[in-house]
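Taking it in order: structure first as structure tokens, then the write-up.
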Amino acid sequence: MLRVAIEVERRRFQVAADFEVAAGERMSLFGPSGSGKTTILETITGLVRPRTGEIRLGDRILLRTAAPAMDLPVWRRRVGLLRQNPALFPHLSVDQNLTYGQGRRRAQDPEELIRRLELGDLGRARPAQLSGGQAHRVAAARLLLADHDALFLDEPYTGLDRRLARLLTDLIRDTAERRHLPTVMVTHELPEAQAFADTMAVLDEGRVLQRGHASEIVRRPASRRVAELVGYVDFLGLPEGGTLGLHPDRIRPGASPGLGRVLRGTVRRRRPSGAVWEADLEVASSPTATLTCRFDDVPPDPGADCEVTLLDPPRFDRDGKLTAETAR
Amino acid sequence: MLRVAIEVERRRFQVAADFEVAAGERMSLFGPSGSGKTTILETITGLVRPRTGEIRLGDRILLRTAAPAMDLPVWRRRVGLLRQNPALFPHLSVDQNLTYGQGRRRAQDPEELIRRLELGDLGRARPAQLSGGQAHRVAAARLLLADHDALFLDEPYTGLDRRLARLLTDLIRDTAERRHLPTVMVTHELPEAQAFADTMAVLDEGRVLQRGHASEIVRRPASRRVAELVGYVDFLGLPEGGTLGLHPDRIRPGASPGLGRVLRGTVRRRRPSGAVWEADLEVASSPTATLTCRFDDVPPDPGADCEVTLLDPPRFDRDGKLTAETAR
Amino acid sequence: MSGLPVAAPTLLERAGRAGRAGSLLAVLAAGLIWVALLAPIIALLLHLSPSSIVSSLTASGAFAPTVISLEASGTTVGVLILAGTPLAWLLAHDRLPLPRLWEAGLLASLLLPPLVIGLLLIFMVGPLTPIGAALSVIHLSASNTFFALVVAEVYESAPYYVLGALTAFRSVDGRLEEQAAILGDRPGRAFLRVTLPLAAGGLAMALATAWARSIGAFGAVIIIAYHPFGLPLQIWTTLQETGLASALPFALVLLVVALPLPLLVYGWSARAQGRDRG
Amino acid sequence: MSGLPVAAPTLLERAGRAGRAGSLLAVLAAGLIWVALLAPIIALLLHLSPSSIVSSLTASGAFAPTVISLEASGTTVGVLILAGTPLAWLLAHDRLPLPRLWEAGLLASLLLPPLVIGLLLIFMVGPLTPIGAALSVIHLSASNTFFALVVAEVYESAPYYVLGALTAFRSVDGRLEEQAAILGDRPGRAFLRVTLPLAAGGLAMALATAWARSIGAFGAVIIIAYHPFGLPLQIWTTLQETGLASALPFALVLLVVALPLPLLVYGWSARAQGRDRG
Amino acid sequence: GGSPAATKPKSTPKPSGTANVAYAASLENLNEKVIGPDFTKKTGYPYQGRGAGSKAVSADIASGEISPNVFESVGGKPIEALEPKFTSWYVQFAASPIVLAYNPQSQYASQFEAIAKGTKPISSLFSLLETPGLKLGRTDPNVDPQGAAFIEMLMLAQQTYNLPSDTVQNILGAPASSSSSPEIFDEAAVLPRLQAGQLDCSSAYLSEAVQLHLKYISLPASINLGDPSKAADYAKATFTLASGEAATGAPAVIDITTIGTTDKAAADAFVAYVLSSKGLALHKQGGYSLLKPKIFGKKSAAPAAVRKEIS
Ligand SMILES: Nc1ncnc2c1ncn2[C@@H]1O[C@H](COP(=O)(O)OP(=O)(O)OP(=O)(O)O)[C@@H](O)[C@H]1O
Ligand SMILES: Nc1ncnc2c1ncn2[C@@H]1O[C@H](COP(=O)(O)OP(=O)(O)OP(=O)(O)O)[C@@H](O)[C@H]1O
Ligand SMILES: [Mg+2]
Ligand SMILES: [Mg+2]
């Protein structure tokens, strides 16, 4: 079990985090760029020193600023961190990088890992000869092969395509489960975060805004700000006061009154998005609003009207807090 | 107009690219990790020397290995490249980094750019004090502020959340349009690639497999390999020979025979994905296959049967080539 | 050059409970080595009585050697910067064929003792050599002139500067120089704006070393440029003439007048690299 | 240390049509400077007739100074590595309070001319000083002994080594050292596995410089360790006794026996850093 | 001698050529700091000098390694070795007797002082030097003429004062031919070491002791090698050097000559300047004892200007 309560001074704000991650629990840390995610991970690892705080891992105290003060150096914390910059050792071959952290206890079968991350033919290459995504995978594999008591992954999907990202997710999951480690992942990809994690913490400007089950947070963001962060791109002012959060994935074209509130709008723009299409609709509701909706096929021509159904949108009051009743 | 025809030796294969990007055209380069995307961009920029080839930009010859040989040095090519590693100058402040490449001709209004990328309060910070995403944004802004005749962006979305990614897309689009530049972007995010680009090239092991309109490529991948690369995760063997490519976004739960072929399967696993759910279904077709389908709400319990509709799936013959008739 | 996002911790902050004793020990050991290194300077300060300093320094002709030393070493360092920096840069960037050979030459020239350099300079530029004759045509002589002094100092210090600058340039991350080129900088501009500030630490060290070598140059100088007298020769002749007690104050003078430049250069390097340390 | 993904181009490959002339010019200029730097060595080789080399080197007692020089400089470099490396590491990693002060001390010690170091060593470790008395208790004497020779060489070369190593350590990317710590390396292990190979270029230069300074040490040596004779003193006394013709061959010997170590060290550094250059 | 200005040949309006002087190393300070600059000032000829052991200079001239046009040697032998090819004459004009400098802070200072003042006989000096633990400094007999002269002085003293036959051995603590006795230091180091208080006493030339204001014990002319007229007596002290050559006692006198014909006017002017009253006075100030200048070898070969100064 990892128990963190820290306050770290940063350039413009203070990062204050207070949370626990149970052994075997996988948590994802979600937040906009510059919100303090890396700061938290680096503080736990011992690379950044907090102003005050306490960090415990299992029965070990990694850091305590209160008396009796304690500050384990990085190499004694046994906390594994995959950083945003892969930081491969440029003077070592890929193979030597991979086995760098392997102690007496073999944490993982290297062969299997290398195979699963498709690093098979890179063994003798130098880091300078790797592509960006290859370097990132090597860094991830190097971390998983080392023997740590906790795993932190700071944007492990950098430079990886969807397929490799999913492979890596599975690998980290397997490792964390088998070794029963508390694991924290930072990512900007909500689906990846969910595919990986049990729980999620949403961070903004150094504070944890919401913590809970990932699907719960996405469905019921505690505040408008959280909603923005987890992908609600549009907000619809309600005549009765408050706003509805609109998520592109949770708007259905066509009127299905049984499923939720139906809105009528005018198509303003449309574009392909992945295997489907997206259209921006201007909604005729009292304060004019725009919303983005997905279509399986080419949306109506711009200027045409169309109806959409909102699937169970969260509703926020004037202060931006989630209100208990939903807006069916 | 940018005209590229090059062959570059890499560690395990040769990267051979032959394409044109018109002035004002935005192309995205799509391909798995290690396929040669960066190699192509760096070759055009002059950082990597090809074995043979010719590169023209407008009426200038940047490189020609055939006689009369020509090889403009990087600083004369006027080709802007955002690299995967932001490579900010560590000894300069953010402001100094931003204005580094500004020549006499002002390419862009710095104030506006800084505001739009939300870098406003970082001006006096040092690169070492930036978060990963902040550093990446600064590098992007620095490039856009310099005066180039072509723009290349190698994974510009690294470390950025969806919202910032979209902001950056808009900014690059605006810049490319206003300055009428040929622009090439490398990204692993299909939606981002589409939001940005007119055309797309799919690269694998150093070869361009398909080139065309992005939505066209996604809907009609020229081969099974292209399909895999653009997000078709499952393939369904057909009793009559050949396979269907299944894209999670293009499978609808429920039977809607009017929309496409209906399949029946057993739910094996389910998980939340973004604001919706995903389930893995085992399909009862002759060679047992698995497919992943999106559900707006909680999918049926594992073990339960359910029906899904395939929306216009592409069909591939035994050699993995797209067959003309689709499999309605 | 470290880009580590770690607020510089103070010594005791960083050391955990367990580490603290180790760190104190390390500081003590380092202090011991440092003091041992400085022992000659301490001995110098202990042995100089204020009166002996005053009397040596006010002796007639005591001021001129200081000026000459500063002028000659300044010129030397200038020559080294102009001629040595490009050579080092080209070598560091693998722009020269057979780099190993060039390096070996530099290492060999590092190994000639100053005295030998002086003797060989007589063969090279003495008045009866072709070079010496050529020089005399333009009314220069490489013996017992300011020019000779500079020549001797250049040869005593050049290998130190070139090897130091070479190492400094090599330690600069090539990607940043590439980045400057992408942003449109010609090599010259990129050198001034990126390479130079990033190599500042190593260059400061190369410059300080070259400066020390040249202002303290003795072996080659005494052979080809007994005149005009710089400080090292002043120390030597004072030692011969009036003894240790009057010679040592000049060593202090040498220290005092020579120290500001390296200190400045080190300060510059710290600023250029954006290190803001104690 | 550059991680640039650029296959090393040959000189002419890299230079485009327009750049080629410029590059050739640069190579020529560099070559000129290099040859000028090597001129004393060229003069030395031109001046030695094979017969004079043979006769000087086969003179009785010509072999012993070589052995003594190698032994003493080897010991010196060993002492420097053991004592100087930790000091440099601590300074480079900001583990010491008031780093500027420590640096200033090192720079000052760099500026003491060897002759002055020798004179001050008399005050420090002469037989009638406290340290000298203490040494004599353990039957060591710091005048005219191998020990004295090593002491003199250590003081002549230490500042060069420590400053060089300091610079080398500073040029290592701190993130890689942090990465080693994350992967469980104690500082000592991280030093050996990461810092050392990455600092290899700068360390090679520091070692080569220290080696050159110590094997060529003369000023301090002649004052406190007239014997046992190393090569520099052999050159000096031969010069005094029998003249240039017999002295110069020893300069060549010095070059020949001293060069392998720096060459090896540079070779090691290139390998350690994974640079594979011509 | 006449005034140096008078020796400046009026016939050559503008002096051309350089006085290129090779000299015995012990003259370095005097030549470079005093004689050279003053010579240039008085005559207009540039001066360039280089010091080394007299024997080495002689060898380098003979082998053509260096080509000075003036040679100042300690003792006439190195010059005679160059005759007749390079010169056939030399002038002897000064001497530099050996003394024993001592450290006034030494535990033996009072005894040295008593001997220096004459309250104790000079012969007792040598038994004092035998005292175990007494730190004597001297220079290398194989390299430095002074080193050999010191040993010869001890041998003469042993003969003159009928000291026990092992006196020299005991004082030297090593064979006379050895270069590596702990007492042996470089010329440049031995007196600073005495001044630093790390020696009890040291061999020195009178000129050095005077210049450096050292306390010293003058030795009688019969043993101090400073009197050319006692050359025959001095020659009785002889020992073998490491090279196998014999070192034989000879007066520590300064001899000067010109070499070859390069820039002959400048060379002649330098020798004439040295022998002028100004030049001699400067040597006296420098601690040398002046001798009446005397030409050895082919007198007629000496330049007129030089002969004029001597007459
Ligand atoms: N300097 C180099 N020398 C030789 N081979 C290299 C070099 N750099 C990269 N490679 C190899 O070339 C191939 C293409 O690399 P490139 O960097 O172009 O891939 P990429 O498509 O950009 O991948 P990613 O998405 O992971 O960044 C890779 O297999 C890589 O191992
Ligand atoms: N070394 C530092 N000193 C002071 N402030 C810093 C330092 N490093 C980062 N910061 C600031 O602290 C804030 C949080 O940075 P952090 O790296 O933790 O963000 P992040 O959430 O990881 O962002 P990203 O997703 O962009 O990586 C940022 O606003 C950044 O500017
Ligand atoms: Mg971060
Ligand atoms: Mg890439």
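Model, not experiment: these values are computed from the prediction. So you know, we letter chains A, B, ... as the sequences are listed, proteins then strands, and number each from 1. Below, all heavy atoms of this structure are taken into account, side chains as well, without hydrogens, waters or symmetry copies.
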Query - Value rounded to 0.5 Å, distance of CG in B:L310 from SG in B:C293 - result: 9.0 Å
Report task. Look up atom CD in A:Q129 and atom CZ in B:R10, then write down how far apart they are to the nearest 0.5 Å. Result -> 8.5 Å
Report task. With a 4.5 Å cut-off on heavy-atom pairs, point out which of B:L229, B:V186, B:V218 contacts chain A the most. Result -> B:V218
Query raised in the report: Quick one: what part of A:D121 sits under 4.5 Å from any heavy atom of chain B, side chain, backbone, both or neither?
Result: both
Query raised in the report: Measuring heavy-atom distances to chain B, does A:R294 have an atom under 4.5 Å in its side chain, in its backbone, in both, or in neither?
Result: neither
Query - Contact class of A:E192 relative to chain B, heavy atoms under 4.5 angstrom - result: neither
Report task. Considering only heavy atoms and a distance below 4.5 Å, find which of A:R219, A:E278, A:R271, A:E228 pairs most often with chain B. Result -> A:R219
Query - Within 6.0 angstrom of B:R124 CZ, more than 12 heavy atoms from elsewhere - result: no
Query raised in the report: Under a 4.5 Å heavy-atom cutoff, which of B:A193, B:A165, B:G133 has the most pairs with chain A?
Result: B:G133
Report summary line: Bottom line for B:E118: the part with an atom under 4.5 Å from chain A's heavy atoms is neither
Query raised in the report: Looking only at atom types and distance, does a side-chain atom of B:K37 sit under 3.5 Å from a main-chain N or O of B:G31, one as donor and one as acceptor?
Result: yes
Report summary line: Counting heavy-atom pairs under 4.5 Å with chain A, the top scorer among B:G132, B:P86, B:G159 is B:G159
Query raised in the report: Can you tell which of A:S33, A:A125, A:S131 has the highest number of heavy-atom pairs within less than 4.5 Å of chain B?
Result: A:S33
Query raised in the report: Under 6.0 Å from the CZ atom of B:R269, do we count more than 12 heavy atoms belonging to anything else shown?
Result: no
Query raised in the report: Going from CG on A:L117 to CD1 on A:I114, what distance comes out if it is rounded to the nearest 0.5 angstrom?
Result: 9.0 Å
Report task. Please flag which part of A:R163 lies under 4.5 Å from any non-hydrogen atom of chain B: side chain, backbone, both or neither. Result -> neither
Report summary line: Comparing A:L164, A:L160, A:V233, A:V230 against chain B, the one with the most heavy-atom pairs below 4.5 Å turns out to be A:L160
Query raised in the report: Within the side chain of B:T292, is there an N or O that forms a donor-acceptor pair under 3.5 Å with the backbone of B:P248?
Result: no
Report task. Give, as side chain, backbone, both or neither, the part of A:Q134 having an atom under 4.5 angstrom from any heavy atom of chain B. Result -> both
Requested in this report: Answer yes or no: is there a donor N or O on one side and an acceptor on the other, between the side chain of B:Y232 and the main chain of B:R225, under 3.5 Å?
Outcome: no
Report summary line: Ranked by heavy-atom pairs below 4.5 Å to chain B, first place among A:A195, A:A214, A:G231, A:G34 goes to A:G34
Query raised in the report: chain A: which of B:R11, B:R252, B:Q84, B:E155 shares the most heavy-atom pairs with it under 4.5 Å?
Result: B:R11
Query - Expected output: side-chain B:H213 to main-chain B:D198 donor-acceptor under 3.5 Å - result: yes
